[in-house]
Amino acid sequence: MLIEFVRAVFGGDGFTEPVKVSVQDPLPTQPLGVPTVARQLALGEASSAVALSDGCARISIRATVAGYYLVAADDELVADDTAHYIGAGERLDIALPPSDADNAVYIAAIGDGADGTLYISELG
């Protein structure tokens, strides 16, 4: 049935050439990085924020309860319920804007009705 759908939508079998993957010719990937610094933010009724390390390009975050988060180069960053959502137990990997000693990147977070923790792994 799937083959019939592909034929109807794309014509023919829908595939021009199979993808060949080998050790000598792997699929292109972008490594997330090696964990460097571990941080924690309280998820509660009030927004909390922390500066990330200079030059940190990516982070991996995991929330113990549902909440909202923002990432920006703003030392007055405040998260609220219009920010990005993260579910309880969810892990997200996020690329960050460029940062250095003169332009720090912050992450701010707030809980969605329950207290918990946002675990942050900086990836170098």
Item to check | Steps toward side-chain contact (heavy atoms from CB on, under 4.5 Å) verdict (V37, L52) | outcome: CA-CA 9 Å; V37 177; L52 302 171; over 6 Å; no
Checklist entry - Counting distance only, does the side-chain N/O of S121 pair as donor-acceptor with the main-chain N or O of P35 below 3.5 Å? => result no
Distance-only criterion, 3.5 Å: show the donor-acceptor pairs between side-chain atoms of residues 55-66 and protein atoms not counting sequence neighbours.
unit_1	atom_1	unit_2	atom_2	d
S60	OG	R91	NH1	2.9
S60	OG	D93	OD1	2.7
T64	OG1	T117	N	2.8
T64	OG1	T117	O	3.3

Item to check | Q40 side chain near L118 side chain, heavy-atom distance below 4.5 Å | outcome: no
Next on the checklist: Does any part of the side chain of D112, heavy atoms only, come nearer than 4.5 Å to the side chain of Y68, both counted from C-beta?
Outcome noted: yes
Next on the checklist: Which heavy atom of D115 sits nearest to which heavy atom of E45, and what is that distance?
Outcome noted: OD1-N, 4.1 Å
Next on the checklist: Determine whether a donor-acceptor pair (N or O, by modelled atom type, separation under 3.5 Å) exists between the side chain of S48 and the backbone of A42.
Outcome noted: yes
Checklist entry - Nearest heavy-atom pair of S99 and S53: which atoms, and what distance? => result OG-O, 3.8 Å
Next on the checklist: Determine whether Y106 and D75 satisfy the following criterion, side-chain contact (heavy atoms from CB on, under 4.5 Å), listing intermediate values before the conclusion.
Outcome noted: CA-CA 7 Å; Y106 296 79; D75 63 352; 3.3 Å; yes
Item to check | I86 reachable from L41 in the ILVMFWY side-chain graph, under 4.5 Å edges | outcome: yes
Item to check | Min side-chain heavy-atom separation I107-I94 under 4.5 Å | outcome: no
Next on the checklist: Just so I know, are the side chains of V71 and V105 near enough to count as touching, which here means a heavy-atom distance under 4.5 Å?
Outcome noted: yes
Item to check | Gap between atom CZ of R39 and atom OH of Y119 - 0.5 Å precision | outcome: 15.5 Å
Checklist entry - Is S47 reaching over with its side chain to a backbone N or O of A79, donor-acceptor style, under 3.5 angstrom? => result yes
Checklist entry - Which heavy-atom pair separates L92 from Y69 by the least distance, and what is that distance? => result CD1-OH, 3.6 Å
Checklist entry - Out of curiosity, does V50 fall in the hydrophobic cluster containing L70 (side-chain heavy atoms, cut-off under 4.5 Å, transitive links)? => result no
Checklist entry - If you look at every heavy atom in D54 and D100, which pair is closest and at what distance? => result OD1-O, 3.3 Å
